[in-house]
Each structure stands twice: as structure tokens, then as C-alpha cells.
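A, B, ... follow the sequence lines: proteins, then strands. Residue 1 opens every chain.
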Amino acid sequence: MLDLKLLRENPDLVTQKLAQRGGNYDIQPILDLDQQRRDLEQQRSALQARGNEVGKLVGQKMKSGSKPDDSEIVALKEEGNQVKAQLADLEPREKEIKAQIEALVLQLPNLPSDTTPIGKDETENVEVRRWGDEYKPSHAVLPHYEIAEKLGILTTDRATKIAQTRFVALLGAGAALERALIQFMLDQHIAAGYLEVLPPFLINSTSLTATGQLPKFAEESFKCAEDDLWLAPTAEVPVTNLYRDEIIDGSQLPIHHCAYTPCFRREAGSYGRDTRGLIRLHQFNKVELVKLVRPETSEEEHQKLVASAESILQALKLPYRTIELCTGDIGFGAAKCYDLEVWLPSGNTYREISSCSNFGDFQARRGNIRFKESGQKGTQFVHTLNGSGLAVGRTMAAVLENYQQPDGSIQVPEVLQPYLKRTIL
RNA sequence: GGAGAGGUGGCAGAGUGGUCGAAUGCGUCCGACUUGAAAUCGGAUGUACCGAAAGGUACCGUGGGUUCGAAUCCCACCCUCUCCGCCA
């Protein structure tokens with residue numbers, strides 16, 4: 001959520017920054033409502049002040065012996081009733097306007113960082129670096145879903161019987177490989193100082209609003225019919241919300257978490273794309289990194305977060321490139337974002353395997369996550385960051401392709417061998 | 001699912017209609033005493049909004065209601081705990 005004060009004091013800057021995302025954002029209606037709100041608030045609180053005064057006077061007079069039907073008391077009560085009547089008019093109006101402002105502001109995306117490259121869409125993203133040699137063996141590399149079915153470690157047909165399309169079931173070595181990847185990623189991040197969290201996978205609306213999935217992107221998540229609960233679309237939501245409505249002691253910062261969760265996404269509007277394999281599923285596993293940090297450190301923490309995600313790909317020896325998203329392509333709540341794209345030889349392309357975003361104070365405002373430096377007065381919003389470290393299914397796909405041997409077997413990446421206790425799948 | 005208890009400031013815990021943003025204790029911060037520390041003593045110590053400021057307003061789980069006046073009374077909801085039932 002953007003700072004209303006910033007909108008008020010610097011509307012041109014806000015408008016200009018929002019325009020960098022593309023699309024039209026008119027903040028004038030919000031500013032008008034805000035002015036109305038402040039006028040109403042002043043009227044209201046002046047009335048309340050008089051009402052409080054009247055109440056006190058009655059109390060004092062009663063205590064010093066006045067009777068309820070003394071003319072003085074009757075007059076005060078009458079005034080009290082008038083105040084009440086006026087408030088009954090003002091209060092609902094103020095409330096209504098506040099709700100309107102809130103609804104509008106929640107729809108506004110974050111301002112891109114000054115360091116985010118300006119561009120209209122994904123074609124203007126910037127490649128920052130590449131790592132590893134693209135695997136281009138002389139033999140053909142089967143797409144991961146074909147080799148996996150062939151090895152009998154993946155079934156999509158049977159999984160759709162259980163659920164529907166875009167679900168898979170892993171068998172034998174496939175299930176073991178998925179588990180090994182999760183375990184390896186967590187171990188690596190824990191060793192780097194991230195504290196593991198295993199959060200709830202069902203999440204209430206307030207939490208989804210805080211991190212920005214609601215109200216705009218309701219159609220992207222699965223909702224439980226009988227309850228105000230949604231299936232987690234990413235661990236970002238529960239882990240960030242661990243601290244919602246809290247004032248964190250400054251000495252606790254920075255907070256670094258890693259979390260494995262399944263993630264559930266409706267993938268509305270992507271019907272024709274990636275219909276096979278592990279790339280785009282309604283349910284997939286992910287290890288997520290989440291940070292809550294002081295504002296002045298967030299840029300540095302962001303770079304380190306990206307490095308943490310990259311370290312997994314490097315340890316697995318999977319070639320990748322790092323892309324800095326431009327203003328037209330960054331997500332709703334992000335101020336700045338890097339995507340990691342892993343090499344998939346079957347398609348001769350790179351595919352997104354991680355997205356690492358700095359949200360600035362956008363989520364912290366929505367979730368009211370603040371910190372207080374001891375000795376200093378006042379509170380500040382933390383900055384929140386998160387990134388995949390990594391999407392497990394896509395990592396499995398990358399392993400199945402980048403480690404595919406001429407005979408169709410899969411070599412187990414060295415770092416996973418202790419987990420899988422085998423060298424070949 | 002049934003029965004009961006309860007939600008007050010960083011924590012503990014008073015407060016059942018009037019000047020209560022809220023006693024007291026602990027904690028924390030500042031100061032005094034001390035070579036230093038402990039102990040002791042004195043003071044301070046919530047958040048947010050509006051306002052140039054002075055100051056004002058709101059907040060005792062949430063939302064309504066009664067009243068001149070609500071932490072306190074009434075209604076609804078949410079959450080927590082205990083016991084019973086069911087259950088991995």
C-alpha cells in the first residue's frame with residue numbers, strides 16, 4: 001500500500017512512477033476523498049470534544065449534589081443529545097469515505113524503485129549475468145515430462161483422475177528426488193542463516209491482503225467454500241504474515257526465513273500454456289526465502305537474497321541467467337525484481353525458476369509490520385523481500401534435462417547424492 | 001459437536017456507569033548515590049489520525065446498541081483456554 005501522505009504531498013512523483021508500469025493510474029479521486037476525509041475528521045473530533053466536555057460537566061454536577069431534573073442538568077443532557085445527533089450524521093460519512101479511500105489505495109501497485117530499469121514489457125528486461133555452460137549434448141534431450149514418464153517416476157494421467165489437469169503425482173525415484181531437492185535447498189539456506197518455518201498452508205483474507213494477493217488477484221487463488229481461508233499461493237504469504245500487526249524490536253532485524261510449502265495457484269488465463277510437465281501446475285512445491293529488514297539495508301539484502309537463490313542453482317550445477325525486470329514487468333507489490341531463469345535444453349531456452357522481489361514498505365504498510373529502534377521514539381515500517389529458493393518442480397525438470405545421459409538415464413547431481421543415496425536414476 | 005471460563009498497555013494484573021489512556025507490580029530508559037556493579041531513591045515509559053502550532057480525537061478482542069457519559073450494561077461475531085465426545 002502506498003503512503004497516503006506521499007500521494008498528498010507528492011502527487012506528481014507518484015503519478016509519474018505509476019505510469020512507468022504502463023496502464024493508467026489516476027490518483028486525483030483519492031486526493032479529493034482524502035481532503036473530504038480530513039475535513040470531516042476535524043468536524044467530528046471537535047464535536048466529540050464538546051460531547052466529552054458535556055459528559056464531564058454532568059458527572060461533576062451530579063457528584064456535587066445536583067438532581068437529574070435540575071434545569072442545568074436537563075440543558076446539558078439536551079446538548080449532549082444534539083451532539084449525538086450531529087455525530088450520527090458525520091460518522092457514517094467519514095467511515096464511508098475512509099472505506100472508499102482504502103479500497104482505491106489497495107488497488108494501486110507499488111512504485112518501481114529508482115534503480116528498476118524503465119521499460120514497457122518483458123522484452124525490455126535486462127539480463128544481468130549468466131552462469132554455467134548451456135547443456136547442448138550431441139544426443140537429443142527429451143523434455144523432462146517425457147523422460148520422467150519413461151522412467152516411471154511421474155504420472156500425469158493418473159493424477160488428473162484424482163484432481164484435474166495441471167496436477168501430477170511423483171513415483172519412486174521421482175518422489176525421492178523432489179524430497180531430496182527440498183531437503184537440500186532448506187539445508188543450504190539454513191546453513192546460510194535463514195531460520196526455517198513450516199507455516200499453515202491455509203490462509204485468511206487479511207493475510208492475503210497484506211502481501212498484495214487480495215483484493216486484486218482473487219481469481220488466482222483457490223478458496224475454501226465454507227471458510228475465510230485460501231490455499232497458500234506461495235510461502236511468502238504465511239511467512240511474511242507471521243509478523244503482521246507487530247512492532248518488532250530493532251535488535252531482531254534483519255529477520256531471514258526459509259520455508260518449504262506446497263503452493264496452489266489457479267493459473268487462470270493460462271489455459272494453452274505449458275500444459276505438459278512440471279512447469280505450470282495448480283499445486284507445486286517451493287522453498288521460499290523471506291526477509292524483513294531495515295529500510296536502509298533493503299537494497300543490499302535484496303542482492304544477497306538473489307545470491308542465496310543463485311547458490312542453489314550453482315550447487316546443482318544448473319546453467320542459468322539473472323534477469324532484472326523492467327518497470328513494465330515487475331509484479332504488483334514489487335519495487336524491484338530479479339528473475340532467475342534456468343537452462344532447459346529440450347526447448348533450447350531459459351525458464352523462470354525463481355523470482356526475487358524487494359517490496360520496500362508496500363507489504364509492511366498493508367500488514368502493519370513495523371519496528372522500533374530501542375532508545376529512539378516512533379516506529380518505522382520494515383522492508384519486506386522474498387524470493388524462490390527455488391521452485392522445486394521446475395528444478396526437478398531442469399535436473400531431468402541437464403543431467404540426461406545418452407541412454408536416457410539421469411545422473412544425480414553430486415550435491416544430491418548424499419540425499420538420494422544413488423548416482424543414477 | 002456439547003458444556004464452561006476468558007480476551008485490558010512489552011509482560012503480569014486491578015478496575016462492574018462519571019474527571020479511566022486506564023491502579024499496582026515487573027520490565028525498559030534517563031538521572032542520583034557508587035571506583036564500578038548490585039541494591040536503593042527520583043523521573044520517564046503505548047499506538048494511530050487531524051492540526052503550522054497550541055492542542056484535539058480514537059483505541060481496554062471485533063462490530064453494533066443503551067446512556068448526557070461505557071473498559072464497565074445489552075446484542076452479535078471472532079479468538080483463546082479447560083472438560084466431554086470424535087479423530088490422525
Side-chain angles (χ1 to χ4, degrees), chain A residues 1-9 30-102 104-106 198-210 224 226-230 238 241-253 255 262 361 364-382:
Chain A
M1 184 159 69
L2 297 181
D3 184 4
L4 255 181
K5 267 195 199 122
L6 182 68
L7 260 66
R8 196 149 72 208
E9 288 161 11
I30 298 175
L31 296 177
D32 293 343
L33 286 168
D34 182 52
Q35 184 59 52
Q36 287 180 47
R37 197 207 95 235
R38 283 185 294 155
D39 292 345
L40 283 171
E41 172 165 345
Q42 283 188 35
Q43 291 177 45
R44 191 213 71 221
S45 67
L47 264 172
Q48 280 174 327
R50 180 56 192 161
N52 289 342
E53 217 173 316
V54 169
K56 271 180 193 171
L57 278 172
V58 174
Q60 278 167 11
K61 296 204 183 293
M62 299 283 274
K63 244 189 185 159
S64 53
S66 298
K67 296 282 172 291
D69 50 0
D70 286 355
S71 62
E72 240 181 351
I73 300 284
V74 171
L76 282 171
K77 285 189 177 184
E78 178 48 34
E79 186 177 357
N81 275 324
Q82 282 172 16
V83 167
K84 218 186 334 182
Q86 287 174 302
L87 281 173
D89 173 52
L90 282 180
E91 275 182 327
R93 278 162 61 197
E94 186 185 350
K95 242 185 208 176
E96 168 60 24
I97 286 175
K98 270 176 123 161
Q100 284 177 26
I101 292 172
E102 163 118 337
L104 290 173
V105 174
L106 283 176
L198 187 58
F201 304 155
L202 292 186
I203 295 177
N204 59 37
S205 296
T206 307
S207 296
L208 282 153
T209 303
C224 301
E226 303 298 330
D227 305 278
D228 178 32
L229 289 170
W230 307 65
N241 274 282
L242 239 27
Y243 299 95
R244 199 183 65 241
D245 291 322
E246 290 197 18
I247 299 174
I248 300 164
D249 189 308
S251 66
Q252 301 297 304
L253 297 177
I255 292 170
D361 63 10
R365 281 181 191 284
R366 292 175 157 239
N368 199 25
I369 306 174
R370 294 167 292 172
F371 74 99
K372 191 185 175 95
E373 219 66 84
S374 84
Q376 290 176 24
K377 71 183 188 99
T379 60
Q380 289 183 72
F381 290 105
V382 299

| request: Indicate yes or no: at least one non-hydrogen side-chain atom of A:Arg50 is less than 4.5 angstrom from one of A:Glu79. | output: yes
| task | Please report, rounded to the nearest Å, how far the P atom of B:rG17 is from the CE atom of A:Met62. | result | 14 Å
| query | Starting at CZ of A:Arg44 and ending at C1' of B:rG56, how long is that distance when rounded to a whole Å? | reply | 10 Å
| task | Measure the shortest side-chain to side-chain distance between A:Leu90 and A:Arg93 over non-hydrogen atoms and say whether it is less than 4.5 angstrom. | result | yes
| message | Looking at A:Lys56, I'd like to know whether one of its side-chain N or O atoms comes within less than 4.0 Å of OP1 or OP2 on B:rG69. | response | no
| Heavy atoms under 4.0 Å, any strand shown: does A:Gln48 hit a base, just sugar-phosphate, or nothing? | sugar-phosphate
| message | Using side-chain heavy atoms (C-beta onward) and a distance below 4.5 Å, is A:Ile248 in contact with A:Ile255? | response | yes
| Expressed as a whole number of Å, how far does the P atom of B:rG9 sit from that of B:rC59? | 15 Å
Collect all protein-nucleotide pairs involving nucleotides 44-51 of chain B in which both atoms are nitrogen or oxygen and the distance is under 3.5 Å.
residue : atom : partner  : partner atom : Å
B:rU47  : OP1  : A:Lys372 : NZ           : 2.8
B:rU47  : O3'  : A:Arg370 : NH1          : 2.8
B:rU47  : O2'  : A:Arg370 : NH1          : 3.4
B:rA48  : OP1  : A:Arg370 : NH1          : 3.2
B:rA48  : OP1  : A:Thr379 : OG1          : 2.7
B:rC49  : O3'  : A:Arg37  : NH2          : 3.4
B:rC49  : O2'  : A:Arg37  : NH2          : 3.3
B:rC49  : O2'  : A:Glu41  : OE1          : 2.7
B:rC49  : O2'  : A:Glu41  : OE2          : 2.9
B:rC49  : O2   : A:Glu41  : OE2          : 3.2
B:rC50  : OP1  : A:Arg8   : NH1          : 3.4
B:rC50  : OP1  : A:Arg8   : NH2          : 3.2
B:rC50  : O4'  : A:Glu41  : OE2          : 2.9
B:rC50  : O2'  : A:Gln42  : NE2          : 3.2
B:rG51  : OP1  : A:Arg38  : NH1          : 2.9

| request: Determine, step by step, whether A:Asp32 and A:Gln35 satisfy the side chain to side chain contact (heavy atoms under 4.5 Å, CB included) criterion, reporting the C-alpha distance in whole Å, the side-chain angles of both residues, the deciding distance to 0.1 Å, and the verdict. | output: CA-CA 5 Å; A:Asp32 293 343; A:Gln35 184 59 52; 5.8 Å; no
| field | C1'-based separation of B:rG61 from B:rG55 [nearest Å] | value | 31 Å
| Distance in angstrom units between A:Lys84 NZ and B:rA70 C1', rounded | 12 Å
| field | Identity of whatever pairs with B:rC29 - Watson-Crick or G-U, under 3.5 angstrom | value | B:rG43
| What interatomic distance, in whole Å, is found between C1' of B:rU8 and the corresponding atom of B:rU47? | 15 Å
| said: Could you tell me if the side chain of A:Ser71 sits less than 4.5 Å from the side chain of A:Val74, heavy atoms only? | reply: no
| task | Rounded to whole angstrom, note down the P distance from B:rA22 over to B:rA71. | result | 12 Å
| request: Take atom CG of A:Asp245 and atom C1' of B:rG7, then tell me their distance rounded to the nearest Å. | output: 16 Å
| Watson-Crick or G-U counterpart of B:rG1, or none if no pair lies under 3.5 Å | B:rC84
| request: Take A:Gly80 and A:Gly55, find for each the nucleotide of RNA chain B with the closest heavy atom, and name the residue whose nucleotide sits nearer the 5' end. | output: A:Gly55
| Whom does B:rG21 pair with, Watson-Crick or G-U wobble, provided both distances fall under 3.5 Å? | none
| said: Please report the distance separating the P of B:rA12 from the corresponding atom of B:rG18, rounded so that it comes out in whole Å. | reply: 27 Å
| request: Compare all side-chain heavy atoms of A:Arg8 with those of A:Arg38 and state whether any distance is below 4.5 angstrom. | output: yes
| request: Round to a whole Å and report the spacing from NZ of A:Lys61 to P of B:rC68. | output: 18 Å
| For B:rG6, which nucleotide is its Watson-Crick or G-U wobble mate, given both distances must be under 3.5 Å? | B:rC79
| task | Return yes when atom CD of A:Glu72 has more than 12 non-hydrogen atoms of other residues, nucleotides or ligands closer than 6.0 Å, and no otherwise. | result | no
| Expressed as a whole number of Å, how far does the P atom of B:rA39 sit from that of B:rC20? | 33 Å
| Partner nucleotide, any strand, of B:rA37 [Watson-Crick/G-U, under 3.5 Å] | none
| request: Return the nucleotide paired to B:rA14: Watson-Crick means purine N1 to pyrimidine N3 with N6-O4 or O6-N4, wobble means G-U with N1-O2 and O6-N3, both under 3.5 Å. | output: none
| said: Taking B:rC79 as the reference, what is the distance to B:rG43 when you measure between their C1' atoms (whole Å, please)? | reply: 39 Å
| task | Check the distance between B:rA58's P and A:Arg50's CZ and give it to me in whole angstrom. | result | 15 Å
| message | Checking side chain to side chain contact (heavy atoms under 4.5 Å, CB included) between A:Asn368 and each of A:Arg366, A:Arg370, A:Arg365, which is the one that passes? | response | A:Arg370
| message | Just N and O in the side chain of A:Asn52: are any of them under 4.0 Å from OP1 or OP2 of B:rG69? | response | no
| field | B:rU28 to B:rC11 separation - C1' atoms, rounded to the nearest Å | value | 11 Å
| said: With a 3.5 Å limit on both atom pairs, tell me what B:rU57 is paired to, counting Watson-Crick and G-U wobble, or say none. | reply: B:rA48
| request: Take the protein atom CD of A:Glu79 and the nucleotide atom P of B:rG69, then report the distance between them rounded to whole Å. | output: 12 Å
| Given A:Leu33 and A:Leu104, is the side chain to side chain contact (heavy atoms under 4.5 Å, CB included) satisfied, shown in steps? | CA-CA 10 Å; A:Leu33 286 168; A:Leu104 290 173; 3.7 Å; yes
| request: Let me know the distance between CD of A:Glu72 and C1' of B:rC68, rounded to the nearest Å. | output: 13 Å
